[in-house]
Amino acid sequence: MSEQPTGVWVYLQHTKGDLTKDSLELIAAGKSVAEKLKQKVVGVLIGSGLESMEKRAFEYGADSVLVVDDPALEVYFNLAYADAIYSMVVEKRPYVFLFSANEIGKDIAARVAYRVPTGLATDNVQLAVEDYNNPALGQFKDLLIQIRPDFGTRLARIYTPKHRPQMATVRPGSFAPLEPDPKRKGKLEKVDFKPGIYPAKVTKVTELPPPFPDLGSADVVISLGMGILKDGHGNPKDPREAYGYAKQLKDIFEARYHLKAEIGASRALVYAEVKELDGMIGRSNQVGQTGATVKPKVYIAVGISGALQHRVGMQNSAKIVAINTDPEAPIFKIAHYPMVGDVYEELPKLIAAIGGPASG
Ligand SMILES: Cc1cc2nc3c(=O)[nH]c(=O)nc-3n(C[C@H](O)[C@H](O)[C@H](O)COP(=O)(O)OP(=O)(O)OC[C@H]3O[C@@H](n4cnc5c(N)ncnc54)[C@H](O)[C@@H]3O)c2cc1C
C-alpha cells in the first residue's frame with residue numbers, strides 16, 4: 001500500500017472497441033487537475049480485449065493505465081466493475097478519482113464512493129485546485145475544488161477536505177479532449193481481478209435507438225425559449241410561427257450548408273407544455289443541466305434568457321447567436337452574435353441573412 005494518496009484517476013468507458021468521447025474529455029479534465037497537483041493521470045480500464053484502448057488513452061494524455069482485462073468482464077456489470085475498482089482504490093490509494101456524469105459513470109461512481117467511503121460531488125462543470133483554510137477543520141493544501149450548478153441559479157464550489165480520494169463526476173461537454181499524440185507512450189499495469197459470485201447477472205444487452213432529436217451530435221442547434229410565446233410588445237403569439245422559423249433555419253443549414261441541425265428548447269418552454277407545440281417540443285429537446293449538453297458549431301438561442309442551468313448545457317458551443325428583447329439578458333454575456341430584438345422580427349432577418357428558405 002502506498003504511503004500518501006497520489007494520482008488523478010479517470011474511469012475510462014468504451015464501446016465497440018474504442019474509448020468513448022466522454023472518456024477522452026475526462027482524461028483532459030484529469031490532466032487539468034493533475035498538472036496543478038504535479039501528479040499523474042491514471043486511466044482505469046475494465047473489460048475484455050482492451051489493448052487498442054490503452055494506446056488511445058496514452059495518445060489522449062493518460063500517463064499510465066490500470067487494466068483489468070478478463071473475458072468475464074466483457075459486458076458492463078456494475079456489481080463486478082465496482083468490486084474491481086474498489087479493490088484497486090484500496091490498494092493503490094488515488095488522490096482524486098473522476099468519472100463521467102453519464103449513466104454508467106453515475107452508477108459506478110456512487111457505488112465506489114459509498115464503499116470507500118468518501119464523498120462524491122456530481123455533475124461538475126469545472127474543476128480547480130486550491131489550498132483551503134477552514135478555522136473549524138484546519139488547513140488543507142492542494143484540494144480539488146468541485147464546481148457545479150447549485151439548485152438555484154449559481155455555481156456551487158464543493159470542498160471535501162477530509163477523505164481521499166476526492167471523487168467527482170464531470171458533465172460531458174465540459175472539457176475538450178486534448179490533441180492526440182500518436183507518439184505519446186505511458187505505463188501500463190495489468191491488475192488481476194476475478195469477478196465474484198453475484199446475486200444478479202447480465203443476460204442480455206439491448207442497444208437503444210439513437211436519441212431523437214440527437215442534439216449532442218448536431219452541428220447546429222436552434223433552441224426556443226419562453227420568449228416565443230409573446231411578441232416584442234408583450235402580445236401573445238402562436239408559438240408555431242417561431243417553431244416554423246426554426247424549422248426553416250434547420251432546413252437551410254441541412255440543404256444548403258450540409259450541416260446536421262436540430263431544434264432544442266429551454267426547460268421552461270418544455271415544462272410549459274404549450275398545447276400548440278405538442279409533438280414538436282418535448283423533454284428530448286431540452287438543453288441544459290437537466291437536459292442535453294451540446295457543443296455545436298452554431299447555437300442559436302431564440303427568446304432564451306440564458307439562466308445558468310441553460311448555459312451549462314450549451315456554453316461550449318463554437319459560435320452562439322442569441323435573440324432577445326432584453327439587452328441585459330444573461331445569454332448576451334456569452335453570445336458571439338447578439339441580436340437585441342423581437343424573435344418574430346429577427347428570425348426572418350436571420351433566415352434571409354443565410355440565404356433565404358432552402359427551396360428558394
Ligand atoms: C435544478 C434546476 C435545473 C434546471 N435545468 C434546466 C435545464 O436543463 N435547461 C434549462 O433551459 N433550464 C433549466 N432550469 C431552469 C432555468 O433556471 C430557467 O428557468 C430556464 O432556463 C428559463 O427558460 P427561458 O430562458 O426559456 O425563459 P425565461 O427565463 O422566462 O426567459 C425568456 C426570455 O425571452 C425574452 N423574450 C421575451 N419575449 C421575447 C421576444 N418576443 N423576442 C425575443 N426575446 C423575448 C425575455 O427577455 C427573456 O430573457 C433549471 C432550473 C433548476 C432549478
Side-chain angles (χ1 to χ4, degrees), residues 5-15 18-47 50 52-69 76 78 81-82 84-89 91-113 116 118-129 142 144-148 160 164-181 184-191 293:
T6 185
V8 176
W9 286 21
V10 290
Y11 176 65
L12 301 177
Q13 297 176 32
H14 47 91
T15 178
D18 202 356
L19 295 180
T20 61
K21 186 165 166 286
D22 291 357
S23 295
L24 303 181
E25 292 178 8
L26 201 64
I27 297 174
K31 196 87 180 167
S32 73
V33 172
E35 277 173 357
K36 291 178 194 143
L37 291 169
K38 300 192 176 52
Q39 296 186 17
K40 304 280 187 211
V41 179
V42 181
V44 176
L45 253 178
I46 303 178
L50 302 168
S52 60
M53 288 176 255
E54 304 152 0
K55 196 168 161 293
R56 291 273 284 167
F58 297 140
E59 282 175 15
Y60 277 87
D63 297 298
S64 62
V65 176
L66 295 168
V67 180
V68 182
D69 197 332
Y76 174 75
N78 50 17
Y81 276 47
I85 295 175
Y86 171 69
S87 58
M88 284 189 267
V89 168
E91 192 200 325
K92 299 180 185 297
R93 305 181 68 218
Y95 189 81
V96 165
F97 201 169
L98 306 176
F99 295 75
S100 297
N102 56 23
E103 206 175 337
I104 288 182
K106 287 179 182 175
D107 177 29
I108 198 98
R111 289 169 189 277
V112 173
V116 169
T118 186
L120 175 65
T122 56
D123 270 312
N124 293 280
V125 292
Q126 295 168 29
L127 298 170
V129 173
D142 285 342
L144 173 74
I145 315 298
Q146 299 142 114
I147 304 169
R148 54 155 293 160
T160 50
R164 299 290 180 275
Q166 286 190 269
M167 279 183 60
T169 65
V170 178
R171 252 190 102 75
S174 305
F175 288 81
L178 302 171
E179 272 303 309
D181 176 357
R184 215 166 168 281
K185 302 267 179 291
K187 186 174 148 225
L188 180 66
E189 186 179 339
K190 303 247 180 210
V191 177
T293 300

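What you see below is based on every heavy atom in this structure, not just the backbone, and it leaves out hydrogens, waters and symmetry mates. Note that the structure is predicted; figures quoted are calculated from it, not measured.
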Would you check if [X] and [Y] make a side-chain contact, meaning some heavy-atom pair closer than 4.5 Å?
| X | Y | value |
| --- | --- | --- |
| K106 | D123 | yes |
| L19 | L45 | yes |
| V96 | Q39 | no |
| Q13 | E103 | no |
| I108 | Y76 | yes |
| L12 | I27 | yes |
| S100 | E25 | no |
| V89 | T118 | no |

Looking only at heavy atoms, what is the nearest atom pair of [X] and [Y], with distance?
| X | Y | value |
| --- | --- | --- |
| R164 | T160 | NH1-O, 3.8 Å |
| L127 | F175 | N-CZ, 4.0 Å |
| V44 | Y11 | O-CD1, 3.6 Å |
| P165 | P94 | CB-O, 3.4 Å |
| W9 | M88 | CH2-O, 3.6 Å |
| G47 | Y81 | CA-OH, 3.7 Å |

Kindly write out the residues that satisfy side chain to side chain contact (heavy atoms under 4.5 Å, CB included) with S174, not counting sequence neighbours, or none if the list is empty.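 Partners of S174 by the side chain to side chain contact (heavy atoms under 4.5 Å, CB included) criterion, ordered by chain and then number, come out as V125, V170, R171.
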
For I145, which residues count as a side chain to side chain contact (heavy atoms under 4.5 Å, CB included) partner, sequence neighbours excluded?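 Per chain and number, I145 pairs via side chain to side chain contact (heavy atoms under 4.5 Å, CB included) with A128, E130, L143, I147, R157, Y159.
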
Can you measure from OH (Y60) to NZ (K55) and round to the nearest 0.5 angstrom? 11.0 Å

Against D63, only a single residue in K31, K185, K187, K40 fulfils salt bridge (charged side-chain N to carboxylate O under 4.0 Å, His left out); can you say which? K31

Donor-acceptor contact below 3.5 Å, side chain [X] vs main chain [Y]:
| X | Y | value |
| --- | --- | --- |
| D69 | L50 | yes |
| D181 | E59 | no |
| R56 | P180 | no |

All side-chain hydrogen bond (donor to acceptor under 3.5 Å, both in side chains) counterparts of T20, not counting sequence neighbours: S23

Stepwise, does the salt bridge (charged side-chain N to carboxylate O under 4.0 Å, His left out) test hold for R184 with E179? CA-CA 11 Å; R184 215 166 168 281; E179 272 303 309; over 6 Å; no

